[in-house]
Amino acid sequence: ARHCIDSGVTKLPSGLVIASLDNYSPASRIGVFVKAGCRYESPDNQGVTHLLRLAANLTTKGASAFRICRGVEAVGGSLGSVSVIYDTVMEYLINVTTAPEFRPWEVSDLTSRVKMDRALAAQSPQMGVIEGLHGAAYKNTLSNSLYCPDYMVGHVDADHMHNFIQNNFTSARMALVGLGVDHDVLKQVGEQFLNIRSGMGTAGTKAQYRGGEVRVQNGSSLVHSAVVSEGAAVGTDEVMAFSVLQHVLGVGPHIKRGSNSTSKLIQGVAKATADPFDASAFNVNYSDSGLFGVYTISQSAAAGDVIKAAIGQVKAVASGVSEADLTRAKTQLKAEYLMSLESSEGLLDAMGSQALTRGAYHSPEVIAQMIDSVSATDVANAANKFVSGKKSMASSGNLVKTPFVDEI
Ligand SMILES: *[C@@H]1O[C@H](CO)[C@@H](O)[C@H](O)[C@H]1NC(C)=O
Ligand SMILES: *[C@@H]1O[C@H](CO)[C@@H](O)[C@H](O)[C@H]1NC(C)=O
Ligand SMILES: *[C@@H]1O[C@H](CO)[C@@H](O)[C@H](O)[C@H]1NC(C)=O
Ligand SMILES: *[C@@H]1O[C@H](CO)[C@@H](O)[C@H](O)[C@H]1NC(C)=O
Ligand SMILES: *[C@@H]1O[C@H](CO)[C@@H](O)[C@H](O)[C@H]1NC(C)=O
Ligand SMILES: *[C@@H]1O[C@H](CO)[C@@H](O)[C@H](O)[C@H]1NC(C)=O
């Protein structure tokens, strides 16, 4: 209850959503969340959100973060007290959201950081698999990379950045969220600073799932592989069932043999190989789609056995889940959710994404009730949606023993 002492949500005529929560914490925090992630890029401005992320970090001393994911981007501000809201910190925050100045030479200076980010990402097999998976799974929008693609490095300019902000950072696609901030004060701030561009901009394109496969064959003796079907979109009833299913199967990483684990995936895969491995459920959800499946890491010779055993465990859940496993998974999910709200950043994120997707904020008690109301049948149905759905797969490593998507 201490998370939700006094909360308010208002939608201004421009469409801007204002959400505040007075949790009586000594430090106030505000954040602006915008539905303008990399999914809104087009072929001629691809990479622009990567550049915006870097530029924001260079120009906003007051704003603590500018994180861009496929669905939403967040500009977070950390404030010492409410009274400084109108002061420079707020101004920096608003500037980066609405009227940033990108000087051409500053933008071209970002090229080396773009290259560095790309090089770092290329070293991470997880990042490679997750990016590849989205590219293979979707025809459009969510197939875009979080990173500026090779052919655009050095070609995204200040005009691209201005145009993108002009067309995508509109009031109706923003939420202004405050913790420990008076709701009326926050409303005034929203009215004064964020009512600049009203309307939705161009209607966003709906994500189109297609199913596909990407394989990065290289010398690595550790094979990373993800196999998914289309999951659930945020705000649907199904999304909770998938989250409970994820916890029945096991949320990684485990990085040990763990044959004693409560994770169904670890239990099942441990029977199929004597080598070290990791297996966890993969679950992401966006405003209009989601991906659900299994993520495995294994020795290259064991990859086929590990992947098939992991999928076998989802099939087993599709034909029924025990009351004990269901209860354990729900308890874990609720504890995890509450833990994510312990930090003010986590709480701000939860409020921001709910304000944007639902125009409301649900207290932890309401979320807990939603989790509790998921039945064994709901979980089995979600598992069955994975089993019978059209698959997407991404793998990297020495893939001689890794099956193709049509072989699983
Ligand atoms: C912002 O810059 C700092 C160093 O100046 C860096 O540690 C941090 O990762 C950067 N954040 C983003 C989102 O690029
Ligand atoms: C914000 O933008 C305005 C207008 O572009 C500018 O005058 C002001 O100095 C900027 N503030 C900060 C803190 O950068
Ligand atoms: C293999 O490919 C993955 C994904 O692109 C990459 O992260 C990994 O570093 C590569 N391994 C080797 C040995 O090249
Ligand atoms: C986002 O901005 C780009 C570049 O200006 C534009 O082409 C695109 O239509 C915008 N997207 C939406 C959904 O408004
Ligand atoms: C597995 O868990 C059970 C019960 O929690 C415990 O008694 C047993 O010692 C554990 N076995 C291993 C190998 O850790
Ligand atoms: C949707 O996915 C995000 C991470 O991608 C996760 O934090 C969130 O809890 C998920 N929402 C639900 C309702 O499962």
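As the structure lists them, so they are numbered: ligands from 1, and atoms in each ligand from 1.
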Name the one of V48, V114, N45 that satisfies side chain to side chain contact (heavy atoms under 4.5 Å, CB included) with V156?
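Of V48, V114, N45, side chain to side chain contact (heavy atoms under 4.5 Å, CB included) with V156 is met by V48 alone.
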Using a 4.0 Å cut-off to any heavy atom of [X], which atoms of ligand 3 qualify?
X    : answer
S124 : 7 (O)
P125 : 7 (O)
V216 : 2 (O), 5 (O)

Is [X] in polar range of ligand 4, meaning some N or O pair under 3.5 Å apart?
X    : result
Y40  : no
N167 : yes
R173 : yes

Just jot down the ligand 4 atoms closer than 4.0 angstrom to any heavy atom of N45, in number order.
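Close to N45: 3 (C), 4 (C).
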Give the atom numbers and elements of ligand 4 that come within less than 4.0 Å of a heavy atom of N163.
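Those atoms are 5 (O).
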D159 and H162: side chain donor to acceptor below 3.5 Å
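No, no side-chain donor-acceptor pair sits under 3.5 Å.
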Please confirm whether M161 comes under 4.0 Å of ligand 4, counting heavy atoms of the residue only.
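Flag not set, M161 not near ligand 4.
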What verdict does the side chain to side chain contact (heavy atoms under 4.5 Å, CB included) test give for Q246 and F292, after you've listed the backbone C-alpha separation in whole Å, the side-chain angles of each residue and the deciding distance to 0.1 Å?
CA-CA 8 Å; Q246 181 187 11; F292 188 92; 4.0 Å; yes
Could you pull out, from S396, A122, G397, G132, the option with a heavy atom nearest to atom 6 (C) of ligand 3?
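Residue with the shortest heavy-atom distance to the ligand atom: A122.
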Proximity of H224 to ligand 3 by residue part, where a heavy atom lies under 4.0 Å
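None of H224 does.
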Near-ring test H134/Y286, centroid separation under 6.0 angstrom
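Judged by ring-centre distance (under 6.0 Å), Y286 and H134 do meet the cut-off.
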Is the closest side-chain heavy-atom distance between V223 and Q299 below 4.5 Å?
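Heavy-atom side-chain distance check fails, nothing below 4.5 Å.
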Are any non-hydrogen side-chain atoms of T296 and D278 less than 4.5 angstrom apart?
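The answer is no, as the side chains (C-beta and beyond) never meet within the 4.5 Å cut-off.
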Does K35 approach ligand 4 within less than 4.0 angstrom via side chain, backbone, both or neither, non-hydrogen atoms only?
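Near ligand 4, K35 shows nothing, with every heavy atom at 4.0 Å or more.
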Side chain, backbone, both or neither: which part of T205 comes within less than 4.0 Å of ligand 4 when only heavy atoms are counted?
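T205 to ligand 4: no contact under 4.0 Å from either part.
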The test is salt bridge (Lys or Arg N to Asp or Glu O under 4.0 Å); show your working for K330 and D372 and say whether it passes.
CA-CA 7 Å; K330 287 181 181 178; D372 280 331; 5.0 Å; no
Within 45 degrees of the ring normal and closer than 6.0 Å to the centroid, is that where the cationic atom of K391 sits relative to F386?
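Yes, a cation-pi geometry.
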Using a 6.0 Å distance limit plus a 45 degree cone around the ring axis, check whether R173 lies over the aromatic ring of Y40.
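So R173 does make the cation-pi contact.
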List the closest protein heavy-atom neighbour of atom 2 (O) of ligand 3: residue, atom name, distance to the nearest 0.1 Å.
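Nearest neighbour among protein heavy atoms for atom 2 (O) of ligand 3, to 0.1 Å: N218 ND2, 2.4 Å.
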